**Student:** 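The structure's right below; bear with me while I get my questions together.
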Amino acid sequence: TPQADPVRATDPIQQSSFNELMAMIGTPAERRALIALKRSSHPSLRTLAFQLAESHSPNRDMAFGFLRRHFQPGDVETVLAWHRAETDPDIRHSQEFSLRLLAEEQQRHAVEILHTVYENGACIDCREWTVRELIKMNAMPAAWLPECAHDANDDTRELAARHCPAATQT
């Protein structure tokens, strides 16, 4: 008897359903299919992540999640490049949520990830979380604290005042 594929044996999506969902990629039902596929651990989703990102799909924000589940060395640089190149503010914001998770999962790359979110993000709440994490890690560039002292987010301004009182003296 042939050996069972351990990925498929533990995957919550049956192969026939997986194939049906994959067939929806590129159709108006693509986003719904991608949401359902998030439960799958099928290795072909790594390839799908690259297809979504590189084809400039309207659902490219979901590429990060698929890649996170099938992480390989070099992927941090890939997703950071995707994030830096992203021009759609809604997609960029969705990517920031995935980057926050990636920073928690890939501690070795956390500082690089958080610096990228700070430098390229537009969301004041994501920036506040990023500043808080960088301060906790003792990795907040001192030059950024004066900028944080004038942030639109009250919590970010408070963090700057606590960690660099001179930055708030203007």
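What you see is a predicted model; the values in this text were computed from it and never measured. Count residues from 1 along the sequence.
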**Student:** Under 6.0 Å from the CZ atom of Arg32, do we count more than 12 heavy atoms belonging to anything else shown?
**Tutor:** no

**Student:** Once you round to the nearest 0.5 Å, how far does CD of Gln51 lie from CG of Asn59?
**Tutor:** 13.0 Å

**Student:** Mind checking the CE-CD1 spacing from Met62 to Ile91? Nearest 0.5 Å is all I need.
**Tutor:** 10.5 Å

**Student:** List, by chain and then residue number, the residues other than Val117 in its hydrophobic cluster (Ile/Leu/Val/Met/Phe/Trp/Tyr, side-chain heavy atoms under 4.5 Å); write none if there are no others.
**Tutor:** Phe50, Phe64, Leu67, Phe71, Val76, Val79, Leu80, Trp82, Leu99, Leu102, Ile113

**Student:** Would you check if the side chain of Thr78 reaches a backbone N or O of Gly74 as a donor-acceptor pair within less than 3.5 Å?
**Tutor:** yes

**Student:** Are Phe18 and Ser44 close enough that some pair of their side-chain heavy atoms sits under 4.5 Å apart?
**Tutor:** yes

**Student:** So, do His115 and Trp144 have ring centers that fall under 6.0 Å from each other?
**Tutor:** yes

**Student:** Do the side chains of Leu34 and Met24 get nearer than 4.5 Å, heavy atoms only?
**Tutor:** no

**Student:** Please lay out, stage by stage, how His83 and Glu96 fare under the test side chain to side chain contact (heavy atoms under 4.5 Å, CB included).
**Tutor:** CA-CA 8 Å; His83 184 65; Glu96 288 170 14; 3.5 Å; yes

**Student:** Where do Leu45 and Lys38 land on the side chain to side chain contact (heavy atoms under 4.5 Å, CB included) test, with the steps shown first?
**Tutor:** CA-CA 9 Å; Leu45 294 175; Lys38 283 181 11 179; over 6 Å; no

**Student:** Has the side chain of Arg60 got a donor or acceptor atom that lies under 3.5 Å from a matching backbone atom of Ser57?
**Tutor:** yes

**Student:** Nearest 0.5 Å please: distance from the CG atom of Asp61 over to the CG atom of Asp90.
**Tutor:** 9.0 Å

**Student:** Testing the basics here: between Ala63 and Ala49, what is the closest heavy-atom pair and its distance to 0.1 Å?
**Tutor:** CB-O, 3.2 Å

**Student:** How close do Ala36 and Ile13 get, counting heavy atoms only, and between which atoms?
**Tutor:** O-CD1, 3.2 Å

**Student:** Enter the distance from Met22:CE to His42:NE2 here, rounded to the nearest 0.5 Å.
**Tutor:** 8.0 Å

**Student:** Minimum heavy-atom separation for Leu114 to Thr130, with atom names?
**Tutor:** O-CG2, 3.1 Å

**Student:** Rounded to the nearest 0.5 Å, how far apart are CZ of Arg68 and CG of Asp75?
**Tutor:** 12.0 Å

**Student:** Start with the C-alpha distance between Glu30 and Leu52, add both sets of side-chain angles, then the distance that settles side chain to side chain contact (heavy atoms under 4.5 Å, CB included), and finish with yes or no.
**Tutor:** CA-CA 11 Å; Glu30 179 177 89; Leu52 290 170; 4.2 Å; yes

**Student:** First locate atom CZ of Arg39, then atom CG of Leu21, and finally report the distance between them rounded to the nearest 0.5 Å.
**Tutor:** 8.5 Å

**Student:** Taking the side chain as C-beta and beyond, is there a heavy-atom pair between Glu133 and Arg100 under 4.5 Å?
**Tutor:** no

**Student:** Hey, what else clusters with Phe97 if you join Ile, Leu, Val, Met, Phe, Trp, Tyr whenever side-chain heavy atoms sit under 4.5 Å?
**Tutor:** none

**Student:** Does Asp88 offer a backbone N or O that forms a donor-acceptor pair with the side chain of Glu86 under 3.5 Å?
**Tutor:** yes

**Student:** Could you go step by step and tell me if Cys148 and His163 meet the side chain to side chain contact (heavy atoms under 4.5 Å, CB included) rule?
**Tutor:** CA-CA 10 Å; Cys148 292; His163 294 281; over 6 Å; no

**Student:** Is any side-chain N of the basic residue among Glu158 and Arg162 closer than 4.0 Å to the acidic one's carboxylate O?
**Tutor:** yes

**Student:** What heavy-atom pair brings Ser40 and Arg69 nearest, and what distance separates the two atoms?
**Tutor:** O-NH1, 3.0 Å

**Student:** How close do Phe66 and Leu48 get, counting heavy atoms only, and between which atoms?
**Tutor:** CE1-CD2, 4.3 Å

**Student:** For Ser41 and His70, which heavy atoms make the closest approach, and how far apart are they?
**Tutor:** O-CE1, 3.0 Å

**Student:** A quick test of your reading: do over 12 heavy atoms of other residues, nucleotides or ligands sit less than 6.0 Å from CG of Asn19?
**Tutor:** yes

**Student:** When you compare the side chain of Glu77 with that of His109, does any pair of heavy atoms fall below 4.5 Å?
**Tutor:** yes

**Student:** Name every donor-acceptor pair, under 3.5 Å, that has one atom in a side chain of residues 120-129 and the other anywhere in the protein, sequence neighbours excluded.
**Tutor:**
| from | atom 1 | to | atom 2 | distance (Å) |
| --- | --- | --- | --- | --- |
| Asn120 | ND2 | Thr116 | O | 2.9 |
| Asp125 | OD1 | Asn153 | ND2 | 3.4 |
| Arg127 | NE | Asp151 | OD1 | 2.5 |
| Arg127 | NH2 | Asp151 | OD1 | 3.0 |
| Arg127 | NH2 | Asp151 | OD2 | 3.3 |
| Glu128 | OE2 | Arg132 | NE | 2.9 |
| Glu128 | OE2 | Arg132 | NH2 | 2.4 |

